[in-house]
Amino acid sequence: MASKGILYLIISGTKDYRRATEALRLAEYQAGDGRNVALMLQGEGVEWLEKGDEDFRKEIQTSIGVVHELGSPVFLCGASLNERGLTPIMGEYKFTTSSAPKRINQVIEKGWQLAVF
């Protein structure tokens with residue numbers, strides 16, 4: 001059975017930015033091709049919302065924005081945001097807060113794949 005979509009679960013933060021970069025690169029390309037794609041930032045992954053001057057942070061934030069602008073949903077784990085004192089906002093973007101376990105169960109029940117980075 002073919003996958004109906006893919007949820008990219010990004011748990012990697014600045015210490016492992018290459019993994020997050022790769023996930024977002026894949027999501028960006030697939031969203032641009034009109035495929036069913038969604039992002040979920042959880043754990044250290046929500047730290048990409050923070051401001052910073054690192055080139056890799058700017059690249060990752062740009063990719064998150066592109067995926068969002070291409071119409072793919074971006075979800076943020078509410079518990080992870082609360083633990084870090086963050087809001088679901090990145091610049092001009094406001095994202096949906098969600099329970100990571102609930103969202104993951106929903107996409108799997110719908111026949112989507114899950115890719116964890």
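Position 1 is the first residue of the sequence; numbering continues from there.
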Identify whether [X] and [Y] are in the same connected component of the hydrophobic contact network (ILVMFWY, side-chain heavy atoms under 4.5 Å).
{"X": "W112", "Y": "V74", "value": "no"}
{"X": "L39", "Y": "Y93", "value": "yes"}
{"X": "I108", "Y": "V116", "value": "yes"}
{"X": "I64", "Y": "V46", "value": "yes"}
{"X": "V107", "Y": "L24", "value": "no"}

More than 12 foreign heavy atoms under 6.0 Å from [atom1] of [X]: is that the case here?
{"X": "Y29", "atom1": "OH", "answer": "no"}
{"X": "D33", "atom1": "CG", "answer": "yes"}
{"X": "K110", "atom1": "NZ", "answer": "no"}

Are [X] and [Y] side-chain neighbours, meaning at least one heavy-atom pair lies under 4.5 Å?
{"X": "R25", "Y": "S63", "value": "no"}
{"X": "I11", "Y": "L9", "value": "yes"}
{"X": "E44", "Y": "S12", "value": "no"}
{"X": "Y8", "Y": "F117", "value": "yes"}
{"X": "Q113", "Y": "L7", "value": "no"}
{"X": "Q42", "Y": "I10", "value": "no"}
{"X": "I89", "Y": "L49", "value": "no"}

**OP:** Carefully, step by step, assess L114 and I6 under the rule side chain to side chain contact (heavy atoms under 4.5 Å, CB included).
**Re:** CA-CA 6 Å; L114 178 64; I6 187 162; over 6 Å; no
Nearest atoms (heavy-atom pairs only) where [X] meets [Y]:
{"X": "G78", "Y": "T97", "value": "CA-CG2, 3.3 Å"}
{"X": "W48", "Y": "A20", "value": "NE1-CB, 3.7 Å"}
{"X": "G32", "Y": "L70", "value": "N-CD1, 3.6 Å"}
{"X": "T87", "Y": "L81", "value": "O-CD2, 3.9 Å"}
{"X": "M40", "Y": "L76", "value": "CE-C, 3.9 Å"}
{"X": "Q61", "Y": "M90", "value": "O-CE, 3.3 Å"}

Original post:
Does a side chain donor of either Y17 or E59 reach within less than 3.5 Å of an acceptor in the other side chain?
Top reply: no
Original post:
Thinking salt bridges, do R19 and E22 make one under a 4.0 Å N-O criterion?
Top reply: no
Subject >> R84 and E47 ion-paired at < 4.0 Å >> reply: yes
Original post:
For the side chain of S80 and the backbone of G43, is there at least one donor-acceptor N/O pair under 3.5 Å apart?
Top reply: yes
**OP:** Indicate yes or no for a side-chain donor-acceptor contact from S72 to the backbone of V37 under 3.5 Å, with no hydrogens or angles considered.
**Re:** yes
